[in-house]
> 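Have a look at the structure that comes next, please.
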Amino acid sequence: MKNTYDVIILGAGPAGLKCAEELKNTKLSVLLIEKNQIIGPKICAGGLTQLTKGFDYPKDKTIIFNKLEIFLGNKKYEISMNNPIRTLDRYELGQYMFTKIKNTKNITILKKTLVKSMEKNKIKTSRGTFHFKYLVGADGAASIVRKYLGLENKIYIGIQYIIPKQYKKMKWFFNPKTLYSGYGWVFPHKTYTSAGVFFNPKFLKVNKAREILDKFLDDCGVDYKKAQYEGAPANCLYKGIKFDNIFLAGDAAGLTSAATGEGISFALTSGKEVAKKIINPNHKTIELDKIVKIKQKGDNRLEFLDRFPLFQSILLRIYVNLLKSSKFQSWL
Ligand SMILES: Cc1cc2nc3c(=O)[nH]c(=O)nc-3n(C[C@H](O)[C@H](O)[C@H](O)COP(=O)(O)OP(=O)(O)OC[C@H]3O[C@@H](n4cnc5c(N)ncnc54)[C@H](O)[C@@H]3O)c2cc1C
């Protein structure tokens, strides 16, 4: 096996896999490194919004929700969505994306390989040292590459139960008095249900967030006694994707929305744009700029709400009532 590649992609999540797919059948030699043996699984609720619309994923493995139940304090709102939300298991997404790049001539894939450290133009892994012309850090919220670049982080936390039962309705819940600007969800999948909360750890401790989640689930009759409990960080501080010959994509680039916890669409878009930029350094990252704007608008709104918690309940109530209007949804 050679030890020098044009492009080394670190991490086979949606960002790394999408980047590899875009580099498929180019003249560039690509090495994709993943620490896990199985591609796909990740602590995630697997919700897909309209931002994933232009991407190919296994639609037959998704569940489509045209209606949402939103709980705000003690009040319940039923919202019909102009644009449905889907859920997709991360194993299914990862495997689907992986199938598109495996057995590709210019892409070498190393699974079960941990990247331990990096230096200028080389990385050290559990299977030796590799040199690169370009490096793509697609290694998630605790990115080694981002750390090497010395960038700050803004970490949010997501905790969830994986309940071995399929509930039927998609639920979102907000409670600014207890969850601050965080929110909770119940996302049914084909064979299980993810129920969790996404929150800013500056305002809430993990144990408290879990208590709030438990109470919500108790109140709406969701049984989580046999569920698996898990949690993971998400990085929400975007600082760019290009740093000389090193690129960042997805969570490593801080591309998770602090407002919604959504990160899959951002990972796919940034992975694709990074690849295009490597192929053509003059490529204008218009698609990325668009979604970064969307993310930053949401994050700024959240920062405002965090500063004025009293306003949050009032504004959320107005917002949810407006959401009932399909015209407002279209504008949004
Ligand atoms: C509880 C929770 C719920 C969420 N729910 C949603 C949701 O419903 N919808 C949504 O859009 N987003 C959601 N997200 C966010 C979403 O999971 C992430 O934004 C998304 O996975 C980012 O993709 P990525 O490819 O950038 O990183 P990841 O999916 O984290 O992939 C990174 C890959 O790099 C590998 N890796 C990391 N370090 C190394 C190393 N040193 N050596 C080798 N390999 C390494 C990892 O094993 C992993 O496979 C949620 C997040 C959390 C925590």
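What you are looking at is a predicted structure, and each value in this text was computed from that prediction instead of being measured. We count ligands from 1, going down the list as the structure has it; atoms in each ligand are counted the same way. If you read the sequence from its start, that first residue is 1, and numbering goes on from there.
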> Identify the closest protein heavy atom to atom 52 (C) of ligand 1: which residue and atom is it, and at what distance?
Ile43 O, 3.5 Å

> What's the spacing between Ile39 CD1 and Ile109 CD1 if we round to 0.5 Å?
7.0 Å

> Quick check, are the ring centers of Phe71 and Phe174 under 6.0 angstrom apart?
no

> What do you reckon, does Lys35 have a nitrogen or oxygen under 3.5 Å from a nitrogen or oxygen of ligand 1?
yes

> Within ligand 1, which atoms have a heavy atom of Ile144 less than 4.0 Å away?
41 (N)

> I'd like the name of whichever of Gly47, Gly271, Ala138, Ala232 reaches closest to atom 7 (C) of ligand 1 through any heavy atom.
Gly47

> Are Tyr5 and Phe132 close enough that their ring centres sit under 6.0 Å apart?
no

> For ligand 1, find out whether one of its N or O atoms is nearer than 3.5 Å to an N or O atom of Gly263.
yes

> Quick test: of every protein heavy atom, which one is nearest to atom 34 (O) of ligand 1, and how far off is it to 0.1 Å?
Gly11 CA, 3.1 Å

> Using a 4.0 Å cutoff against the non-hydrogen atoms of Gly158, which atoms of ligand 1 qualify?
1 (C)

> Taking all heavy atoms of Cys44 and all of Arg90, pick out the closest pair and write down the distance.
SG-NH1, 3.3 Å

> Under 4.0 Å from ligand 1, counting heavy atoms only, is it the side chain of Leu10, its backbone, both or neither?
side chain

> Using a strict cut-off of less than 4.0 Å between a Lys/Arg side-chain nitrogen and an Asp/Glu carboxylate oxygen, indicate whether Asp56 and Lys100 qualify as a salt bridge.
yes

> Are any of the side-chain nitrogens in Glu119 or Lys124 under 4.0 Å away from the carboxylate oxygens of its partner?
yes

> Mind checking whether Tyr96 and Leu51 sit in one hydrophobic cluster, side chains of I, L, V, M, F, W, Y counted as touching below 4.5 Å?
no

> With a cut-off of 4.0 Å, which atoms of ligand 1 are near a heavy atom of Ala15?
25 (O), 26 (O)

> Assess Ala234 for proximity to ligand 1: is some non-hydrogen atom of it under 4.0 Å away?
no

> Under 4.0 Å, heavy-atom basis, I'd like to know which part of Glu262 is in contact with ligand 1: side chain, backbone, both or neither.
both

> Do any nitrogen or oxygen atoms of Val115 lie less than 3.5 angstrom from nitrogen or oxygen atoms of ligand 1?
yes

> Hydrophobic cluster membership, with links at side-chain heavy-atom distances under 4.5 Å among I/L/V/M/F/W/Y: are Tyr224 and Phe173 in one?
yes

> Given the side-chain rings of Phe187 and Trp172, with only the six-membered ring counted for Trp, is the space between their centroids under 6.0 Å?
yes

> If the cut-off is 4.0 Å to any non-hydrogen atom of Gly250, which atoms of ligand 1 fall inside it?
26 (O)

> Looking at atom 5 (N) of ligand 1, what's its closest protein heavy atom, distance included?
Ala45 N, 3.0 Å

> May I ask you to decide whether Lys111 forms a salt bridge with Glu34, counting only side-chain N to carboxylate O separations under 4.0 Å?
no

> Mind running side-chain hydrogen bond (donor to acceptor under 3.5 Å, both in side chains) on Asn153 and Asn235 for me, showing each step along the way?
CA-CA 6 Å; Asn153 302 309; Asn235 192 6; 3.0 Å; yes

> Asn36 heavy atoms, cut-off 4.0 Å: which ligand 1 atoms fall inside?
47 (O)

> Where is the nearest protein heavy atom to atom 47 (O) of ligand 1: which residue, which atom, and how far?
Glu34 OE2, 2.6 Å

> Within a distance under 4.0 Å of any heavy atom of Leu114, pick out the atoms of ligand 1 and give their elements.
40 (C), 41 (N), 42 (N)

> Mark yes or no: Arg86 above the aromatic ring of Phe65, with NZ or CZ under 6.0 Å from the six-membered ring centre and no more than 45 degrees from the axis.
no

> Over all heavy atoms of both residues, which pair between Leu248 and Ser143 is shortest? Give the atoms and the distance, please.
CD2-OG, 4.5 Å

> Which heavy atom of the protein is the closest neighbour of atom 27 (O) of ligand 1, given with residue, atom name and distance?
Gly140 CA, 3.8 Å

> Closest non-hydrogen protein atom to atom 18 (C) of ligand 1, residue and atom name please, with distance?
Asp251 OD2, 3.9 Å

> Which of the atoms in ligand 1, numbered in the order shown and given with their element, are less than 4.0 Å from a heavy-atom of Thr256?
19 (O)

> Measure the distance from atom 13 (C) of ligand 1 to every protein heavy atom, then report the residue, atom name and distance (to 0.1 Å) of the closest one.
Gly261 O, 3.2 Å

> Just jot down the ligand 1 atoms closer than 4.0 angstrom to any heavy atom of Thr113, in number order.
42 (N), 43 (C)

> Between Arg301 and Tyr319, is the side-chain hydrogen bond (donor to acceptor under 3.5 Å, both in side chains) condition met? List the steps.
CA-CA 12 Å; Arg301 216 166 27 225; Tyr319 182 73; 5.1 Å; no

> Look at atom 20 (C) of ligand 1 and say which protein heavy atom is nearest, naming residue and atom and giving the distance to 0.1 Å.
Arg90 NH1, 3.8 Å

